[in-house]
Every structure is written in structure tokens, then in C-alpha cells.
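No hydrogens, no waters, no symmetry mates; every other heavy atom, side chains included, goes into these values. Naming convention: chains lettered A, B, ... in sequence-line order (proteins, then strands); numbering from 1 in each chain.
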4 protein chains.
Amino acid sequence: MPKVGQEPARRAALVSATISEIGQTGSLDVTVGQIAKRAGMSTALAHYYFSTKDAIFLAAMRHILTEFGRLVRTRMASAVTPIDRLNAIIDASLSREQFADEIVAAWLVFYVQAQHSPEAGRLLRVYARRLHSNMVHNLSMLVPRDRAWDIAEGTASMIDGIYIRHALQDSAPDRPKARALVRDYLRLTLAEIGVRLERAH
Amino acid sequence: MPKVGQEPARRAALVSATISEIGQTGSLDVTVGQIAKRAGMSTALAHYYFSTKDAIFLAAMRHILTEFGRLVRTRMASAVTPIDRLNAIIDASLSREQFADEIVAAWLVFYVQAQHSPEAGRLLRVYARRLHSNMVHNLSMLVPRDRAWDIAEGTASMIDGIYIRHALQDSAPDRPKARALVRDYLRLTLAEIGVRLERAH
Amino acid sequence: MPKVGQEPARRAALVSATISEIGQTGSLDVTVGQIAKRAGMSTALAHYYFSTKDAIFLAAMRHILTEFGRLVRTRMASAVTPIDRLNAIIDASLSREQFADEIVAAWLVFYVQAQHSPEAGRLLRVYARRLHSNMVHNLSMLVPRDRAWDIAEGTASMIDGIYIRHALQDSAPDRPKARALVRDYLRLTLAEIGVRLERAH
Amino acid sequence: MPKVGQEPARRAALVSATISEIGQTGSLDVTVGQIAKRAGMSTALAHYYFSTKDAIFLAAMRHILTEFGRLVRTRMASAVTPIDRLNAIIDASLSREQFADEIVAAWLVFYVQAQHSPEAGRLLRVYARRLHSNMVHNLSMLVPRDRAWDIAEGTASMIDGIYIRHALQDSAPDRPKARALVRDYLRLTLAEIGVRLERAH
DNA sequence: AATGAATGAGCCTTCATTCAT
DNA sequence: AATGAATGAAGGCTCATTCAT
């Protein structure tokens, strides 16, 4: 019997190496060689597990999205009210894990990748849509449907914007401040409709 | 007749070609050859005017930023109240010119470029800072300083987020809706402090 | 039950797979992987049985040559006159088995292989020489020795040429026509010397 | 003005290098690097003139076919009778230029290439068809049409066969002998129909 | 006997950049 | 000012071959 069961470990190593490499160089100009080296194997082996460079990238994207999805679900599990759930989404987006420099840089790069890789675009769009409908669902319990749509869009945009600015600037707001910013937006939009909730702490 | 004084025209052609090419492919994987061809000249000539590929990219970024700056200034000129000026900034960001698919795609790409090109980063940061202080300045006439900082950041983030989402999705909000979203954010944050302004139309 | 005595079967499978693969792609650009897959085993195993890719190719050539030799011998067994025996050789060369598209393509490829693989060259030369002397032997009973040599060469050339053209063209003569062509050549050359034989049907 | 007019020379050098390289190694496993080196330039430049490796090969084939075509036309120009013209074709095929080891080896390789490169196949088929109809045309003046077709096919096959055998064997007939062989075939087939022509010298 | 895992070497191709004219 | 010509350096991918189990 051959040396077996290496596949999951190797694939994981490659995915992780890809994210690190992209995150650190902050660009898509990452060679399979760099990735493989960081993952501790030859380029040939990288191609053995992922037939193509694009496949590696997609796997890395999928990993980040999945990780994020898992995080959202975890945080939402312990929430009871719709508002708690909305805040859970915000907090997950701006959690220590997701807001790590490396991850944020990778996100940005993937957004660009999505502009010309149909598959990457699909992936990102699916995630965005899911998140959106999740928010709309919870918002609908508090405000009219059409307003819910707007608020969800506004919240998501602000989060994405914070990401993009974080990737670029040192002077960008830190995690707590960023969270407060988004929570505040939510609070205000809801307050207008008459939904009262305590000030974001 | 010697072809003299061609330099500005050639440079402009290259810059414009660069933006188009990047905007249309939605990526930085744009060769000097493609740019030169679109600009109607040889690669050698492109290198004659811009010593390096990076220089071309930087010039293109500079152009977009300058263009945007000009637009903001124009719109602000006819504004009288601080609020008018703030809305002018928002409107400039989401104007037909800036919100064109091609331009938005280019912006996104430049953000990524800024992650590993120090010069590009500096450029983008200067622009962001300028815009930020511009907003803070106007906001300070209406709300306390620290609050002004937050609102400026929130507004800018939302705009950037809208850009990023526009680049990716077909279902992203259109221009008028996007503008309403941001204006609304502004209105609400100000209203909380007691500043009353008419509802965004 | 230990899988014992698998060797001959495995080798045969590989040889057959090699011929099919070469015959179908019509080129030497056949990977060990393709061959092994078609033979239903791993590349590693293919290398276990044949230490090297060249060895696989040589075995395949040897197989085709052997198969052809067997065919010639079989057909000649039931022939009585020299002319019958000569026709048997022609018929064997253009038999349904040998004239199959796949086999013809493989032949052609092996001819090329022989140009730079000394071993392959030797193999092919041995076969050619044997066939030649076989024909010369039979022809010598009918015509002078030097004439016999020429006729043998002419016949063999024509057959080889028919192969090459068959590999290339759809409009090449079909099997019966091809056989008639070669038999006719033989008949005419012999007739000139005074040997009379009935017209090829 | 740039260093100009290099194109024809460079292309010719590459074509010639390709033929030499293929002819000498006797295989299609010839790298662009080898070709470029022999032609005295970098691989990049080779790709500058021929976008693709296949394009180089096709150009080489085209060159050989063109050269051969030219040779046939030249030889036929000084021929008066149909028989002279037929012999001119034979002689051209077995001329010193075409029968050079290198050229013959290249022919064989191209035949294989034609098996999986549609474009190469087309090229070779066009040439074969042209030669065939040329022969048929001349033969038709001497024998019935259907017989003409057969004789043309037989002659062409014999020539092709001689090539293939020449590529492989040292003991293959030399040029004069080869020519005599084919001319003899022609003489005999025609003689049968009653066309008398002097013995091939 | 059998195979998944692993790799070094190599090939085609692209590209930014330079040079000669 | 302008460009065809030229190249070094790299990158993605393939493949024969070997190894460990």
C-alpha cells in the first residue's frame, strides 16, 4: 500500500500557503513556485493536487468564504433577537480572524480576480447574495421589506468599504472602531423607523 | 513638418489606453504591448515616454485621481452650505463619469496595486487623506470634531464599498440608489446630533 | 490468493495499449500515463514491468513484427509454388489485420522511432532483411539472382508506400485494390522475363 | 528607421534550421530552443517570427513541398512527350536534392506529423493530390483513364516506399538504382497496354 | 504485486525592456 | 520621434521516473 491519505493535508497546505502568499505580497502575481515552496513541496506536486493555478486560487477563495460562513453561523447560533443576529453578522465580518491583515489583503485580491475569472465571480456573488438575504431576512422582522433591502445593502457596503480601506491605510479605523461605525449605522437606520435599540457600546 | 510637441498627446493616449485596458480586462495583467497598441504606437515608444511599466500605471492612477479631484472641486464650487458641500463630494464620487464600469474596475485594480507598490499606495493615501480632511472640515461646522471624524470615515467607507460591489455585481444598486444610500447615512448621522436637513430625494 | 503469474498478462496489456494509443493518436507523443491507464494499471506498475518508456515501445514494435511474421508464415504454409508464396507475403502485408488503420499508423510511427532509436532501427532492419531474403529466395526460382533482388525491393517498396499513403489519405486505395496493384507489379516484372502467370483477379 | 528587412532572412534561417534539426535527429522531438540555437537566435525571437512551434513546423513542411514542386516544374519544362514528363516527375522525386538523407528523414517525420496535425495533413494531401493528378493527366494520353489512375498510384507508392526504406536502411537502393526501379515499373505497365518505350538506361 | 506520492528536468510561451537605425 | 528587432528571465505545466508503503 502506498503512502496514503496525504491529499487533504497537502491541499490544505497549498490553500493556506496561497492565502499567506497573496496576503503578504498583496497581489495576484504569485507564482505556483512560491506557493509550493511555502507549502513545502515541488511545483509538480502542487499541480498533482490542483491541476491548474486557477484551481489553487479558487480553492483558496472557497476556503476563505467557507471559513467566513462558518464564523457567521457560529456567532448567529448564540443570538436570539433579529438585532442580535444582525450584529452577529457585523461582528463576524469584523472579527479578529477575518480582519487580519493577511485575510483582508486576500479578500481584496479576490475581488479583483472575480472581475475576470467567471468562476471566482460566481463564488463571490453566491457568498454576497447569501449574506444579503440573511440580513434582509432579519431586517424584515423590524422594518418594511424595501427598507430592509436598502439597509442590508448599506451595511454590507460599509463593511466592504472598511475592508478596502483597511487594506490600504494604516490610519484606517481599528477593529473596535470599525465595528462601532457599522453598528451605529444600523442603529440609526432602525431608529428612524421607530425601532429603538441601545447605543452600540 | 517635424512631429514636435507630441509628447503630451502621446502620454495622454497611453494613460487613457491604460485605463481602458485595465478597466475592460478588470485586471492588472495588462501588457505594455496591449496598452501601446490601443494607444496606436509601438511598445518601444511607450517605453520612450514612460521608462517603465510601473510608471505608466502610476500615471494612469494619477490621472484618475486628478480627474476625480477636479470633479469634486467643480461640484463644490457651486455649493454654499457645509451640507451642500458634503453632498457635492458624495455626488462627485457617484457621478456618471466616476461610476462608469471601466473607471470603477480600474479603481479596484489600483487599490490592489497599492498593496504592493509603495508609490501607488502613497498616491492613493494622499487622495484619501485629502478627501477625508475635506469632509471633516465641513462636518466640523455641524457636529463635534470626533464625531465628524467618524462620519467622514463612515461615508467614505460606504462609498468605497459601493464601488467594490458595483465592480462585482449586476444586482448592485444603481447610481441614484447608491447616492440615496449614502446621503441617507449622512442625514441620519447628522439628525442624531440635532442637525435637521431635508430627506434625500 | 496471491496474484501470481500476472506478469505476462500485464506486459501484454501494456503492449496492446501502447499500440492502440500510438495508433489512435498517430504519434509518439504518448505518455506512459496514457498507456498505463488504458492498460488498467498505474504508471508505477508499468515501470515495474518495463523499466523504461523506450522498453515499452520496443516491446510493442517487437510484438507487431512478431505478429506479422507469424501471419506470413501461416499464409506461406499453404502455398506450394514460389509464386504462391510470393503472393502470400503480399497478402499478409495487406491482410485485414495488418492493414487496420491503427496498425498502419503504428507502423509509420515506428519507422520514425527507428530513425533515432538504434535498438528500434535494428529491430526494423532485421525484419526487413528477413522479408527481403524470403522474397529473393522465392524469386530466384523464377528469375536470375540480380533481377530477383530488384523485384523484391520494388515489391517491398510499393507495399511500404501503400502503407504510408494509407496512413495519410482517405482517398488511398482500399485493401483489394492495393493488393491488385502489388500483385500486378509482380506479374509484370515476371512476365517480362518470360514467366507467365494468370492475371491478378 | 529600425533595423529592417530581417524578417525573410530570419524566417528562412528558422525553416532551414528546423529541417536540419528534424532531419538529423530524425524525430519531431525537436525543441524550439534547438531550432533557434541552430538558426543563431534566441527562442524568444523564434516566437517573434513564428507565433507557435507548430507554425514553424508547418513552414518547414511548406518549404519542402514548395521546393519539391519547383523542382518538378523545372524538370518538366524541358520535357516534351508525356513519358518524358512522367520520368521528370520520377527523377525529381529521386533527385539529389530531395533524396538527401536529411530531407528524406524530414519527409518521414512530416508524414507522422500529418497524422495528428490537421493542418499538416491538409498540406501533405494537397501536394499528393496535385502530383497524382499531374501523373494521371500525362498517363491518360497513353492509356485508358482508369488504368492511368492505377499506374499513378503505383508509381507514387513505390516512390514513397523507397523514401521510407531509404530513411531506415543503409542497404536500401541508391539513387540510380531507385530511379531505375521506378522507371522500370512505369515501362512495364505501359508496355502491357502496348505502349512501347525504350528501356530505362 | 501494486500504487499514491513525489520530484527534477525540461519545454513552450510571454513579456518588459533595450538596441540599432 | 519612432519602430522593428532582439533577448533574458521567468512562469505554468508535463512527464518519465523513483520511493515508501
A.B. asks: Mapping A:Gly33 and C:His47 to their closest nucleotides on DNA chain F, which lands nearer the 5' end?
C.D. replies: A:Gly33

A.B. asks: Working to the nearest 0.5 Å, report the span between CD1 of B:Ile56 and OG1 of B:Thr52.
C.D. replies: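 So the gap between those two atoms works out to 8.0 Å.
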
A.B. asks: Assess whether a salt bridge exists between A:Glu67 and A:Arg70, defined as any Lys/Arg side-chain N lying under 4.0 Å from an Asp/Glu carboxylate O.
C.D. replies: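 Answer for the salt bridge query: yes.
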
A.B. asks: Does C:Arg10 have a side-chain nitrogen or oxygen under 4.0 Å from the phosphate oxygens OP1 or OP2 of E:dA2?
C.D. replies: yes

A.B. asks: B:Thr43 side chain N/O closer than 4.0 Å to the phosphate oxygens (OP1, OP2) of E:dA16?
C.D. replies: no

A.B. asks: Please name the nucleotide paired to E:dC12 by Watson-Crick or G-U wobble geometry with both distances under 3.5 Å, or report none.
C.D. replies: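 WC or wobble partner is F:dG11.
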
A.B. asks: Would you mind reading off the distance between C:Phe50 atom CZ and F:dT18 atom P, rounded to a whole angstrom?
C.D. replies: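 It works out to 16 Å between those atoms.
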
A.B. asks: Between C:Ala46 and B:Ser51, which is nearer to the 5' end of DNA chain E once each is assigned its nearest nucleotide?
C.D. replies: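 The residue mapped nearer the 5' terminus is C:Ala46.
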
A.B. asks: Using whole Å, what does the distance between atom C1' of nucleotide E:dT14 and atom CG of B:Leu28 come to?
C.D. replies: 17 Å

A.B. asks: Just call it for A:Ser42: base, sugar-phosphate, or nothing, with non-hydrogen atoms closer than 4.0 Å on any strand.
C.D. replies: base

A.B. asks: D:Glu7 CD to F:dG4 C1': how many Å, rounded?
C.D. replies: 10 Å

A.B. asks: Please give, in whole Å, the distance from E:dT13 C1' to D:Leu14 CG?
C.D. replies: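 In whole Å, E:dT13 C1' lies 15 Å from D:Leu14 CG.
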
A.B. asks: Please tell me which of D:Val30 and C:Gly40 maps to the more 5' nucleotide of DNA chain E, matching each residue to the nucleotide holding its nearest heavy atom.
C.D. replies: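 Of the two residues, C:Gly40 wins.
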
A.B. asks: Go through F:dA16, E:dT13, F:dA6 for me and flag the one nearest to the C:Val32 side chain.
C.D. replies: F:dA16

A.B. asks: Atom NZ of B:Lys53 and atom C1' of E:dT14: how far apart are they, to the nearest Å?
C.D. replies: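 So the two atoms are 11 Å apart, to the nearest Å.
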
A.B. asks: From A:Leu108 CG over to A:Gln113 CD, what is the distance, rounded to the nearest 0.5 angstrom?
C.D. replies: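 Reported value, rounded in 0.5 Å steps: 12.5 Å.
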
A.B. asks: NA contact type, C:Tyr49, heavy-atom cut-off 4.0 Å: base, sugar-phosphate, or nothing?
C.D. replies: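 Here C:Tyr49 touches the backbone only, sparing every base.
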
A.B. asks: State the OH-CD distance between A:Tyr48 and A:Glu7, to the nearest 0.5 angstrom.
C.D. replies: 7.5 Å

A.B. asks: Anything under 30° is parallel, anything over 60° is perpendicular, the rest tilted; go ahead and classify C:Tyr127 against C:Phe68.
C.D. replies: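 C:Tyr127 and C:Phe68: perpendicular rings.
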
A.B. asks: Under 4.0 Å between a side-chain N/O of C:Thr52 and OP1 or OP2 of F:dA16, yes or no?
C.D. replies: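 So the side chain of C:Thr52 is outside the cut-off, no N or O lying under 4.0 Å from OP1 or OP2 of F:dA16.
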
A.B. asks: What is the distance from atom CD of B:Glu21 to atom CG of B:Leu14, rounded to the nearest 0.5 Å?
C.D. replies: 11.5 Å

A.B. asks: Is the shortest side-chain N/O distance from D:Tyr48 to OP1 or OP2 of F:dA5 below 4.0 Å?
C.D. replies: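 So the side chain of D:Tyr48 is within the cut-off, an N or O lying under 4.0 Å from OP1 or OP2 of F:dA5.
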
A.B. asks: Starting from C1' on E:dA16, measure out to CG on B:Asp29 and report it in whole angstrom.
C.D. replies: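 B:Asp29 atom CG is separated from E:dA16 atom C1' by 14 Å.
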
A.B. asks: Should F:dA1 form a Watson-Crick or G-U wobble pair with both distances under 3.5 Å, which nucleotide is its partner?
C.D. replies: none

A.B. asks: Do the side-chain N or O atoms of A:Gln6 get closer than 4.0 angstrom to the phosphate oxygens (OP1, OP2) of E:dG4?
C.D. replies: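 For E:dG4, OP1/OP2 do not have a side-chain N/O of A:Gln6 under 4.0 Å.
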
A.B. asks: Expressed as a whole number of angstroms, how long is the span from A:Lys37:NZ to F:dG11:P?
C.D. replies: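 Atom NZ in A:Lys37 sits about 12 Å away from atom P in F:dG11.
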
A.B. asks: What nucleotide, of E:dT14, F:dT14, F:dA16, holds the atom closest to the side chain of A:Ala44?
C.D. replies: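 Nucleotide nearest to A:Ala44's side chain: F:dT14.
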
A.B. asks: Taking atom P of E:dA16 as reference, at what distance in whole Å does atom CG of D:Leu45 sit?
C.D. replies: 17 Å

A.B. asks: Between E:dT3, E:dC12, F:dT7, which one does the side chain of D:Met41 approach most closely?
C.D. replies: F:dT7

